[in-house]
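Input: a single structure, listed below in structure tokens.
Chain identifiers are assigned alphabetically (A, B, ...) following the order of the sequence lines, protein sequences preceding nucleic acid strands; residue numbering begins at 1 within each chain. Since the model is a prediction, treat every value here as computed from it, not as a measurement.
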Protein chains: 2
Amino acid sequence: MSRCYCALLRKATRRVTSLYDDALQPIGINLAQFSLLRHIERDEPISMTELGRKIELERSTVSRNVKVLEGMGLVETGSGKDQREAVVELTENGRRILEDGAPLWQGAQDRIEARLGTDAAAQLKELLQTL
Amino acid sequence: MSRCYCALLRKATRRVTSLYDDALQPIGINLAQFSLLRHIERDEPISMTELGRKIELERSTVSRNVKVLEGMGLVETGSGKDQREAVVELTENGRRILEDGAPLWQGAQDRIEARLGTDAAAQLKELLQTL
DNA sequence: TTGAGTTGCGTGTATATACACACATTATGT
DNA sequence: ACATAATGTGTGTATATACACGCAACTCAA
């Protein structure tokens, strides 16, 4: 039986996630959280459902992950004009964490590019976006 | 800020995992479980630690995931000659599930190759293995 | 032979992920 | 105006993942 694309993806993702999580360790959040903060910053204030749609993550997962960030004081939630909606935005602390984390994240990006080479890294991006 | 390799990997992994899980739905297990059964079949009987080492998964994760498979009657565990060791092997049912799942899994592999093209699929494999 | 060090494992804790479900609010059709 | 349908959210449940820890069994050096 040939190699499983999905198993290879999952293994690679575990490895790379670990690399980014380690890089972000000094600011006390992991890559999933950092990434979520970045998306919130880009479109704030934004609703849970809209956030989930943008990043292709189940709404209940978004809700749960945002709650963790709220517990850390990095975001706050309130109501939209549509009372059903919970909207999220960054706190001052959240903004600071993003700023502090940017060079650490870039270091991880650089490490990936060093490992693959620039061309292969660009290729990987394209392939992942095709999947 | 450029696209995050890790975020792209995670998103692609969610998508592809969903595709394989759907494909395996008829046999009632997901890709992670199917993959674990395949690795057990390859080297059974095998210890938890050895299994974790082979698939680069934290030992406690392996322990937990094997327990779920045991609950489903797909594997059984016993002691090695080293009493510290728990060794795992497939049950008759587990073997059957693997056999029934093989064409379904192949169907998912084919779909990925159809989506990417054969060359690009080979390239993805190589890139993922470099990471 | 014995004590220290190492190894294998399972549990506690926590985050990440997804599906099902229920409830409240909004939208729509008649 | 009202009933139905759709939408947004959070909770329950479950699996997946990883780190820390404690315990039992094994190894090794003195």
Side-chain angles (χ1 to χ4, degrees), chain A residues 6-7 9-22 24-25 28-37 39 45-72 74 77-88, chain B residues 6-7 9-22 24-25 28-37 39 45-72 74 77-88:
Chain A
C6 193
L9 257 172
R10 291 167 72 94
K11 185 190 274 194
T13 299
R14 286 199 292 278
R15 265 209 285 262
V16 173
T17 297
S18 183
L19 186 149
Y20 279 69
D21 286 356
D22 288 347
L24 293 170
Q25 180 69 49
I29 62 172
N30 60 33
L31 188 279
Q33 293 162 339
F34 186 77
S35 192
L36 198 50
L37 288 177
H39 279 97
I46 185 169
S47 71
M48 300 290 193
T49 299
E50 189 50 35
L51 193 41
R53 201 177 290 131
K54 272 186 164 313
I55 62 184
E56 290 171 54
L57 203 51
E58 226 283 319
R59 300 178 287 93
S60 62
T61 301
V62 173
S63 176
R64 228 92 61 166
N65 293 356
V66 163
K67 181 166 275 180
V68 172
L69 293 179
E70 194 169 22
M72 293 176 163
L74 303 182
T77 58
S79 296
K81 28 184 207 243
D82 185 327
Q83 280 186 69
R84 290 174 296 183
E85 284 187 353
V87 296
V88 197
Chain B
C6 194
L9 258 172
R10 290 167 72 93
K11 185 190 272 196
T13 300
R14 285 199 292 277
R15 266 208 286 261
V16 174
T17 297
S18 182
L19 186 149
Y20 280 69
D21 285 356
D22 288 347
L24 293 170
Q25 180 69 51
I29 62 172
N30 61 32
L31 187 279
Q33 292 162 341
F34 186 76
S35 191
L36 197 50
L37 287 177
H39 278 97
I46 184 168
S47 72
M48 300 290 194
T49 299
E50 189 51 34
L51 193 42
R53 202 177 289 131
K54 270 187 166 311
I55 61 183
E56 291 172 53
L57 204 51
E58 225 284 318
R59 299 180 290 95
S60 61
T61 301
V62 172
S63 176
R64 228 92 62 164
N65 293 357
V66 162
K67 179 165 277 180
V68 172
L69 293 179
E70 194 168 21
M72 291 174 165
L74 304 182
T77 59
S79 297
K81 20 177 212 247
D82 185 328
Q83 281 186 70
R84 292 174 294 180
E85 282 185 353
V87 297
V88 196

Rounded to whole Å, the NZ-C1' distance (K67(B) to dA16(D)) equals 15 Å

Dump the intermediate steps for side-chain contact (heavy atoms from CB on, under 4.5 Å) on I29(B) and L37(B), then the final yes or no.
-> CA-CA 10 Å; I29(B) 62 172; L37(B) 287 177; 3.8 Å; yes

Note: for E85(B) and R14(B) on DNA chain C, the residue whose nearest nucleotide lies more 5' is E85(B)

Taken to the nearest whole Å, CG/N65(B) to P/dC9(C) is 15 Å

Under 4.0 Å between any heavy atoms, over every strand shown, what does E58(A) touch: base, sugar-phosphate, or nothing? Just pick one.
base

Using atom names, set out every protein N or O paired with an N or O of nucleotides 1-7 of chain C below 3.5 Å, distance rounded to 0.1 Å.
from: dT7(C); atom 1: O2; to: R84(B); atom 2: NH1; distance (Å): 2.6

Considering only heavy side-chain atoms of Q83(A), the closest of dG10(C), dA18(D), dT26(C) is dT26(C)

E56(A) atom CD is separated from dA18(C) atom P, nearest whole Å, by 10 Å

Of R15(A) and S63(A), the one whose closest nucleotide on DNA chain D sits nearer the 5' end is S63(A)

Checking dC21(D), dT15(C), dT17(D) against the side chain of R59(B) (C-beta onward), the nearest is dC21(D)

### Message
Are the side chains of V62(B) and V88(B) in contact, using a 4.5 Å heavy-atom criterion?
### Response
no

By side-chain contact (heavy atoms from CB on, under 4.5 Å), A32(A) pairs with (sequence neighbours left out) N30(A), R10(B)

5'-most contact on DNA chain C (nearest-nucleotide basis), S18(B) vs E50(B), goes to E50(B)

Within the 4.5 Å heavy-atom criterion, are Q33(B) and N65(B) side-chain neighbours or not?
no

Of dT25(C), dT17(C), dA25(D), the nucleotide closest to the side chain of T61(A) is dT17(C)

Those residues at least two apart in sequence (or on a different chain) that pass side chain to side chain donor-acceptor pair (under 3.5 Å) with Q83(A) are none

R15(B) meets the salt bridge (Lys or Arg N to Asp or Glu O under 4.0 Å) criterion, sequence neighbours left out, with E56(A)

Considering only heavy atoms and no angle criterion, is a donor-acceptor pair shorter than 3.5 Å present between the side chain of S60(A) and the base of dC19(C)? yes

- Message: For a quick check of understanding: with a heavy-atom distance under 4.0 Å over all strands, which category does S47(A) fall into, base, sugar-phosphate or nothing?
- Response: sugar-phosphate

Separation of dA18(C) atom P from L19(B) atom CG, nearest Å, is 14 Å

Practice prompt. Would you classify R64(B) as touching base, sugar-phosphate or nothing, given that sugar-phosphate means primed atoms plus P, OP1 and OP2, and contacts are heavy atoms under 4.0 Å?
Written response: base

Taking dT17(C), dC26(D), dT15(C) as options, the one with an atom nearest any side-chain atom of V68(A) is dT15(C)

Whichever of M72(B) and K81(B) has the more 5' nearest nucleotide on DNA chain D, that residue is M72(B)

Hits for salt bridge (Lys or Arg N to Asp or Glu O under 4.0 Å) against D22(B), two or more places apart or cross-chain, chain-then-number order -> none

E50(A) meets the salt bridge (Lys or Arg N to Asp or Glu O under 4.0 Å) criterion, sequence neighbours left out, with R53(A)

Among the nucleotides dC9(C), dA16(C), dT26(C), whichever has the atom closest to the side chain of D82(A) is dT26(C)

When rounded to whole Å, the CD to C1' distance for the pair E70(A) and dT15(C) reads 16 Å

Taking five pairs at each terminus, the helix from dT1(C)-dA30(D) to dT30(C)-dA1(D) shows an axis bend, to 10°, of 10°

Separation of dA14(D) atom C1' from I29(B) atom CD1, nearest Å, is 16 Å

Side chain to side chain donor-acceptor pair (under 3.5 Å) filter on E70(A), not counting sequence neighbours, yields T77(A)

Side-chain atoms of R10(A) come closest, of dG8(D), dT26(C), dA16(D), to dA16(D)

Taking dG10(D), dA18(C), dA16(C) as options, the one with an atom nearest any side-chain atom of M48(A) is dG10(D)

Atom OH of Y20(B) and atom P of dT17(C) are separated, to the nearest Å, by 20 Å

Salt bridge (Lys or Arg N to Asp or Glu O under 4.0 Å) filter on R84(A), not counting sequence neighbours, yields D82(A)

Donor-acceptor under 3.5 Å (T61(A) side chain, L57(A) main chain):
no

R53(B) atom CZ is separated from dG8(C) atom C1', nearest whole Å, by 10 Å

